[in-house]
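Excluded from the calculations below are hydrogen atoms, water molecules and symmetry mates; all remaining heavy atoms, backbone and side chain alike, are included. Throughout, numbering of the chain's residues begins at 1 and tracks the sequence.
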Amino acid sequence: MKILVPTDFSDLSKVAVLYAANLAKTLNADLILLAVININASAATSMRWEKLQSEMIKNSNEDADTLIREIKAQVDSAPQISYSYVIGYPVQDQIETFASANGADMIIMGTKGATGMKKVLMGSNAAAVIDHSSKPVIAVPGETVFKPITKIVYATDMVHLDDEITKVAQLAKLFDASVEVLHVIRSDSDKSFNTAQITADVIKLTGYSKISFQVSKNDSTAEEVDNFVVKQEADLVAMFTHKLDFYEKLFGKSITRQLAFHASIPLLTFNKTTII
């Protein structure tokens with residue numbers, strides 16, 4: 001198994017690298033650090049292009065050596081760690097191409113909160129990677145401290161529950177973790193669900209017994225998922241996403257991306273378009 005960790009060597013990205021190293025150790029996986037050296041078009045066409053590129057590569061290599069030493073000093077029996085860099089933009093396309101070409105099974109990267117117009121104008125590398133990745137992505141908040149994954153909260157809209165819970169169960173089995181499946185409905189909804197029957201059905205489907213299904217009412221799905229995660233003392237939130245159109249990006253209608261900015265624990269996303 002290979003875990004890819006894009007990094008810019010900032011404090012935020014170091015949190016994600018440390019988390020990934022501990023997770024890779026648990027899974028007996030190899031860790032690949034990736035720096036995307038992003039030089040804009042005006043710089044690329046200038047006379048100083050080659051000198052600038054050479055200096056950025058040198059700095060990146062030095063930062064990577066330092067980071068790898070730090071990780072090995074902090075993680076006992078650290079996993080195999082390698083480093084690569086690519087030159088180009090946009091960042092999310094470079095990461096996706098590298099991940100596919102190098103057989104990465106998962107991407108882990110840091111994320112931080114952003115709200116209002118800042119989110120719309122500045123965006124987030126993590127959110128962009130979630131949009132474009134064909135691989136599962138774990139977005140790690142800046143305050144995260146790694147702990148073993150023993151409980152996963154999987155938030156579902158019920159549209160493709162069978163396909164999605166199969167993927168989540170496969171991951172949960174790697175950690176022998178329980179899965180709390182949560183479906184959020186509006187507070188004024190009169191829908192009813194046989195939670196015991198749905199629980200039995202998904203256990204039979206996946207062949208994994210550590211699964212339960214629950215329904216909560218709240219007009220804000222993101223708020224209810226956050227509340228449920230805290231109540232359950234979960235170690236990971238899992239959701240399925242899809243590529244957003246222009247209006248969804250502008251008005252922020254994606255629940256997954258709201259959680260990528262606000263979740264208090266790591267958020268695991270699968271891209272629906274690559275699974276369904």
Side-chain angles (χ1 to χ4, degrees), residues 1-112 114 122-146 260 266:
M1 185 175 189
K2 295 180 181 179
I3 298 176
L4 177 64
V5 189
T7 179
D8 59 3
F9 308 106
S10 64
D11 290 341
L12 177 67
S13 68
K14 288 179 182 179
V15 171
V17 173
L18 184 59
Y19 183 93
N22 280 286
L23 193 66
K25 176 182 173 181
T26 302
L27 297 174
N28 194 28
D30 293 337
L31 202 63
I32 306 173
L33 306 184
L34 177 67
V36 179
I37 298 174
N38 185 358
I39 302 176
N40 62 38
S42 60
T45 56
S46 73
M47 296 295 291
R48 298 177 59 245
W49 156 247
E50 290 187 4
K51 182 177 180 180
L52 177 62
Q53 175 180 276
S54 178
E55 186 65 24
M56 293 181 74
I57 291 173
K58 177 184 176 183
N59 291 340
S60 182
N61 290 341
E62 291 174 351
D63 288 341
D65 288 341
T66 300
L67 179 56
I68 290 173
R69 286 196 300 271
E70 291 177 358
I71 295 301
K72 288 184 176 180
Q74 295 181 60
V75 180
D76 292 334
S77 303
Q80 178 68 38
I81 306 175
S82 61
Y83 161 74
S84 294
Y85 69 84
V86 293
I87 298 173
Y89 58 93
V91 172
Q92 63 269 22
D93 289 348
Q94 297 300 319
I95 292 172
E96 170 65 9
T97 298
F98 185 92
S100 297
N102 290 273
D105 300 287
M106 179 185 297
I107 297 171
I108 298 178
M109 61 189 304
T111 186
K112 62 181 178 179
M122 301 302 293
S124 160
N125 282 338
V129 171
I130 287 172
D131 264 347
H132 289 78
S133 179
S134 61
K135 313 292 183 181
V137 178
I138 296 182
V140 180
E143 302 301 318
T144 300
V145 175
F146 178 82

Do you know the tightest heavy-atom contact between Ile81 and Lys72?
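Ile81 and Lys72 have their closest heavy atoms at CD1-CG, 4.4 Å.
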A side-chain contact here means heavy atoms from C-beta on lying under 4.5 Å apart; do [X] and [Y] qualify?
| X | Y | result |
| --- | --- | --- |
| Ile95 | Val36 | yes |
| Leu34 | Val86 | yes |
| Gln80 | Leu31 | no |
| Asn61 | Tyr85 | yes |
| Ile138 | Met106 | yes |

For the [atom1] atom of [X] and the [atom2] atom of [Y], what is their distance to the nearest 0.5 Å?
| X | Y | atom1 | atom2 | answer |
| --- | --- | --- | --- | --- |
| Asp93 | Phe98 | CG | CZ | 15.0 Å |
| Asp105 | Met1 | CG | CE | 5.0 Å |
| Glu96 | Leu4 | CD | CG | 10.0 Å |
| Ile108 | Leu33 | CD1 | CG | 11.0 Å |
| Met109 | Ile130 | CE | CD1 | 8.5 Å |

Tell me every residue that passes side-chain contact (heavy atoms from CB on, under 4.5 Å) with Asn59, counting only those two or more places apart in sequence or in another chain.
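Applying side-chain contact (heavy atoms from CB on, under 4.5 Å) to Asn59 gives Glu55, Glu62.
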Not counting sequence neighbours, which residues clear side-chain contact (heavy atoms from CB on, under 4.5 Å) with Ser82? List them please.
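Ser82 satisfies side-chain contact (heavy atoms from CB on, under 4.5 Å) with Ile32 only.
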Do [X] side-chain atoms and [Y] backbone N/O form a donor-acceptor pair below 3.5 Å?
| X | Y | value |
| --- | --- | --- |
| Gln92 | Ser133 | no |
| Ser60 | Met56 | no |
| Thr144 | Pro141 | yes |

Identify all side-chain donor-acceptor contacts of residues 5-28 below 3.5 Å with residues at least two apart in sequence or on another chain.
from	atom 1	to	atom 2	distance (Å)
Thr7	OG1	Phe9	N	3.0
Thr7	OG1	Ser13	OG	3.0
Asp8	OD1	Ser10	N	3.0
Asp8	OD1	Ser10	OG	2.7
Asp8	OD1	Ser13	OG	3.1
Ser10	OG	Ser13	N	3.2
Ser10	OG	Ser13	OG	3.4
Ser13	OG	Phe9	N	3.1
Ser13	OG	Ser10	N	3.0
Ser13	OG	Ser10	O	3.0
Asn22	ND2	Leu18	O	2.9
Lys25	NZ	Asp76	O	2.8
Thr26	OG1	Asn22	O	3.1

